[in-house]
Amino acid sequence: QKEVEQDPGPLSVPEGAIVSLNCTYSNSAFQYFMWYRQYSRKGPELLMYTYSSGNKEDGRFTAQVDKSSKYISLFIRDSQPSDSATYLCAMVENNLFFGTGTRLTVIP
Amino acid sequence: SQTIHQWPATLVQPVGSPLSLECTVEGTSNPNLYWYRQAAGRGLQLLFYSVGIGQISSEVPQNLSASRPQDRQFILSSKKLLLSDSGFYLCAWSVGAIETQYFGPGTRLLVL
């Protein structure tokens with residue numbers, strides 16, 4: 001069993017939709033949680049990171065962590081075609097553990 | 001501001017040939033440096049990390065090696081490439097807290 005599970009998608013939504021991206025994990029020692037966005041043939045860029053359970057908002061993006069359920073989410077409001085990318089969740093325990101990524105396409 | 005460079009961007013190499021990928025970071029001192037490989041559908045795999053000059057930790061035993069000859073330079077090498085070495089190689093850096101890692105543009109390696 002992988003330490004971090006992420007639905008690979010692909011996920012296609014119309015422009016303006018609310019997108020929900022999710023990861024589950026098995027290691028209760030994970031302390032920090034991150035979301036990266038990766039455009040095709042580019043390196044991942046850090047979108048958000050959070051430490052505690054609860055919500056963290058940054059513009060159209062909201063990161064949610066539920067440590068009791070070992071579940072994290074990234075919500076994208078008013079999705080735009082420029083949000084089309086692969087989204088990777090990542091978690092820290094000494095090193096960074098990544099999910100496999102979810103490919104998102106926002107259709108104009 | 002900090003920037004991270006990787007080259008080459010794309011590389012096609014025959015099986016059995018050597019490899020040298022370079023990564024440099026600008027705008028910061030004494031960064032932690034990382035090499036990852038990303039294969040389709042398998043996420044990011046940490047290969048090596050370094051907390052200082054000459055200090056290399058290997059996460060996955062294989063025919064690759066890493067070196068850090070200067071504070072902001074990280075090199076990934078192989079003496080003889082295998083077909084299975086094909087992939088997207090990413091260099092990353094962080095300072096202090098490990099959770100905030102920043103990635104370079106990557107090198108796409110195809111071994112034929």
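Atoms considered below: every heavy atom in the structure, side chains included; atoms not considered: hydrogens, waters and symmetry mates. Protein chains get the first letters and strands the later ones, always in sequence-line order, with residue 1 at the start of each.
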Are [Y] and [X] connected into the same hydrophobic cluster when the rule is that any two of I, L, V, M, F, W, Y join if their side-chain heavy atoms are below 4.5 Å apart?
X: B:V60; Y: B:L82; value: no
X: A:L104; Y: A:F61; value: yes
X: B:I75; Y: B:W93; value: no
X: A:M34; Y: B:V95; value: yes
X: B:I56; Y: B:Y89; value: yes

(request) Count the heavy atoms belonging to other residues, nucleotides or ligands that lie under 6.0 Å from OH of A:Y51, then report whether that count exceeds 12. (result) no

(message) Other residues, nucleotides and ligands only: do more than 12 of their heavy atoms fall within 6.0 Å of CZ on A:R41?
(response) no

(request) For residues B:F88 and A:K42, report the shortest heavy-atom separation together with the two atoms involved. (result) CE2-O, 3.5 Å

(message) Using every non-hydrogen atom in the two residues, find where A:G43 and B:L90 come nearest and quote the distance to one decimal.
(response) CA-CD2, 3.6 Å

Can you tell me which portion of [X] sits under 4.5 Å from chain B's heavy atoms? Options are side chain, backbone, both or neither.
X: A:P8; answer: neither
X: A:R103; answer: neither
X: A:Q31; answer: neither

(message) Report which part of B:Q45 has an atom under 4.5 Å of a heavy atom belonging to chain A: side chain, backbone, both, or neither.
(response) neither

(request) Name the region of B:L46, side chain, backbone, both or neither, that has any atom closer than 4.5 Å to a heavy atom of chain A. (result) side chain

(request) Test B:T100 against every option in A:V92, A:L46, A:L96 by the side-chain contact (heavy atoms from CB on, under 4.5 Å) rule and name the one that passes. (result) A:L46

(message) Nearest 0.5 angstrom please: B:Y36 OH to A:F98 CZ, how far?
(response) 4.5 Å

